[in-house]
Amino acid sequence: MHNKLTTLLKIRGVKLTLEILFIAVLFFAIKAYMQRNLIDGPAPLVEGDLLSGQSISLHSFKGQPVLLHFWATWCPVCKLEQGSIEAISKDHNVITIAMNSGNKLEVQAFLEENQLSFPVIVDENGRIAERFGVSGVPTSFIIDNSGNIAFTEVGYTSSWGLRLRLWVAEK
């Protein structure tokens with residue numbers, strides 16, 4: 001009886017290990033697929049008017065790391081990240097791009113409704129997103145001190161994960 005139980009537990013352990021391994025491989029395969037078109041190297045020029053009316057340019061932050069975050073008002077995962085992006089924008093350089101989320105008035109109404117104040121450029125037709133190879137949101141780019149893309153992330157990323165990447169990009 002003891003040997004049967006030991007054998008059964010070993011089989012379940014092996015099965016559980018294989019299932020976890022399969023899920024991990026699947027997760028990383030999906031992640032690689034989602035990031036396949038994202039650019040790397042020097043960050044393209046991003047400039048525009050924020051909802052506040054202030055002009056902004058990614059290259060004006062040269063010498064400092066920047067979080068460039070693509071999101072959408074209709075994206076449920078983006079909504080989960082909003083608090084993190086808001087908090088990070090208080091401590092770090094952040095530019096967010098509202099991709100395919102309507103016009104400036106619609107995006108402004110969304111921000112007010114959700115009590116968000118991070119800097120936003122409205123990319124109504126997705127042209128900025130296209131230059132970065134973004135096809136899904138949320139997508140984050142960490143731009144390092146030299147203006148190069150240091151990290152990319154598609155999907156949910158924790159506040160600590162983004163802060164750690166910004167810290168590394170600063171070094």
Side-chain angles (χ1 to χ4, degrees), residues 30-31 33-170:
I30 290 169
K31 193 169 201 59
Y33 178 78
M34 292 174 65
Q35 292 182 334
R36 73 192 181 285
N37 294 324
L38 297 180
I39 64 164
D40 58 4
L45 179 64
V46 173
E47 58 185 7
D49 293 328
L50 298 173
L51 289 175
S52 64
Q54 176 187 358
S55 292
I56 193 166
S57 170
L58 179 61
H59 292 309
S60 66
F61 293 104
K62 201 154 188 139
Q64 304 169 45
V66 179
L67 167 60
L68 182 65
H69 181 73
F70 291 83
W71 63 282
T73 57
W74 45 265
C75 166
V77 178
C78 300
K79 289 178 183 173
L80 290 173
E81 279 189 329
Q82 288 173 350
S84 295
I85 302 303
E86 180 73 17
I88 291 168
S89 74
K90 305 296 182 204
D91 305 330
H92 297 280
N93 298 316
V94 173
I95 300 173
T96 71
I97 311 291
M99 180 178 136
N100 302 326
S101 293
N103 62 34
K104 289 182 178 187
L105 291 174
E106 292 168 313
V107 174
Q108 184 65 48
F110 177 85
L111 292 173
E112 289 171 6
E113 180 182 318
N114 291 280
Q115 300 176 348
L116 300 169
S117 62
F118 48 70
V120 179
I121 296 174
V122 175
D123 188 18
E124 230 177 304
N125 51 23
R127 287 195 182 119
I128 298 171
E130 240 176 54
R131 287 198 310 255
F132 281 81
V134 174
S135 58
V137 288
T139 298
S140 297
F141 292 85
I142 303 293
I143 314 300
D144 69 15
N145 296 339
S146 302
N148 294 310
I149 297 169
F151 299 98
T152 58
E153 194 65 48
V154 176
Y156 180 83
T157 306
S158 70
S159 174
W160 290 109
L162 290 171
R163 288 177 186 278
L164 177 64
R165 289 174 178 93
L166 282 162
W167 179 77
V168 170
E170 192 172 21

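- Within the 3.5 Å criterion, the main-chain N or O of Asp49 finds no donor-acceptor partner in the side chain of Gln54.
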Evaluate the criterion side chain to side chain contact (heavy atoms under 4.5 Å, CB included) for residue pair Val120 and Leu50; output intermediate values, then yes/no.
CA-CA 5 Å; Val120 179; Leu50 298 173; 5.6 Å; no
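- For the atom pair CD1 of Ile142 and CG of Asn148, the computed distance is 13.5 Å after rounding to the nearest 0.5 Å.
- Between Cys75 and Val137, the shortest heavy-atom distance links the atoms SG-O, 3.7 Å.
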For Glu81 and His69, run side chain to side chain contact (heavy atoms under 4.5 Å, CB included): C-alpha distance rounded to whole Å, both residues' side-chain angles, the deciding distance at 0.1 Å, then the answer.
CA-CA 10 Å; Glu81 279 189 329; His69 181 73; 3.0 Å; yes
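- At least one side-chain heavy atom of Ile121 sits under 4.5 Å from a side-chain heavy atom of Ile128.
- Counting only distance, with no hydrogens or angles, the side chain of Glu112 and the backbone of Ala109 share no donor-acceptor pair below 3.5 Å.
- Note that NZ of Lys62 is 11.0 Å distant from CD1 of Ile143, once rounded to the nearest 0.5 Å.
- Looking at Ser101, its side chain does come within 3.5 Å of a backbone N or O of Met99 through a donor-acceptor pair.
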Test side chain to side chain contact (heavy atoms under 4.5 Å, CB included) applied to Leu51 and Leu111, step by step
CA-CA 10 Å; Leu51 289 175; Leu111 292 173; 3.3 Å; yes
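- Between the OG1 atom in Thr73 and the CD atom in Glu113 there is a gap of 10.0 Å [rounded to 0.5 Å].
- No side-chain heavy atom of Leu68 sits under 4.5 Å from any side-chain heavy atom of Phe61.
- When side chains are defined from C-beta on, Leu67 does not count as touching Asn93, because their heavy atoms never get closer than 4.5 Å.
- Side chains of Gln82 and Glu86: no donor on one and acceptor on the other come within 3.5 Å.
- When side chains are defined from C-beta on, Asn100 does not count as touching Asp123, because their heavy atoms never get closer than 4.5 Å.
- Residues Pro138 and Val154 are not in side-chain contact: their nearest non-hydrogen atoms beyond the backbone lie 4.5 Å or more apart.
- Ring orientation note: the planes of Phe141 and Phe70 are nearly perpendicular, at an angle over 60° on the 30°/60° scale.
- Distance alone, capped at 3.5 Å, is enough to place a donor-acceptor pair between the Asn114 side chain and the Phe110 backbone.
- Contact of the Phe132 side chain with the Ile97 side chain is not registered, since no non-hydrogen atoms from C-beta on lie closer than 4.5 Å.
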Verdict with supporting geometry, Glu106 and Asn103, side chain to side chain contact (heavy atoms under 4.5 Å, CB included)
CA-CA 5 Å; Glu106 292 168 313; Asn103 62 34; 3.4 Å; yes
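- The line from CZ of Phe118 to OG1 of Thr96 is 5.0 Å long, rounded to the nearest 0.5 Å.
- Inter-residue side-chain proximity for Ser84 and Ser158 is flagged as unmet; no heavy-atom pair is nearer than 4.5 Å.
- Remark: the backbone N or O of Ser146 is paired with a side-chain donor or acceptor of Asp144 at under 3.5 angstrom.
- Side-chain N or O atoms of Asn37 include none that pairs as donor or acceptor with a backbone N or O of Gly133 at under 3.5 Å.
- Closest approach of Val94 and Ser89 over heavy atoms only: CG2-CA, 3.6 Å.
- Side-chain contact between Ser140 and Thr152 is absent, with no heavy atoms from C-beta onward closer than 4.5 Å.
- Residue Gly102 comes nearest to Val122 through the heavy atom pair O-CG1, 3.4 Å, listed as atom of the first residue, atom of the second, then distance.
- Counting non-hydrogen atoms of neighbouring residues, nucleotides and ligands closer than 6.0 angstrom, the CG atom of Asp40 reaches no more than 12 such neighbours.
- Taking every heavy atom of both residues into account, Asn145 and Pro65 meet most closely at OD1-CD, 3.1 Å.
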For residues 160-169, dump all side-chain donor-acceptor pairs below 3.5 Å to protein atoms at least two apart in sequence or in another chain.
| unit_1 | atom_1 | unit_2 | atom_2 | d |
| --- | --- | --- | --- | --- |
| Arg163 | NE | Ser159 | OG | 3.3 |
| Arg163 | NH1 | Asp91 | OD2 | 2.9 |
| Arg163 | NH2 | Ala87 | O | 3.4 |
| Arg163 | NH2 | Asp91 | OD2 | 3.3 |
| Arg165 | NH1 | Gly161 | O | 3.0 |
| Arg165 | NH2 | Glu153 | OE1 | 3.1 |

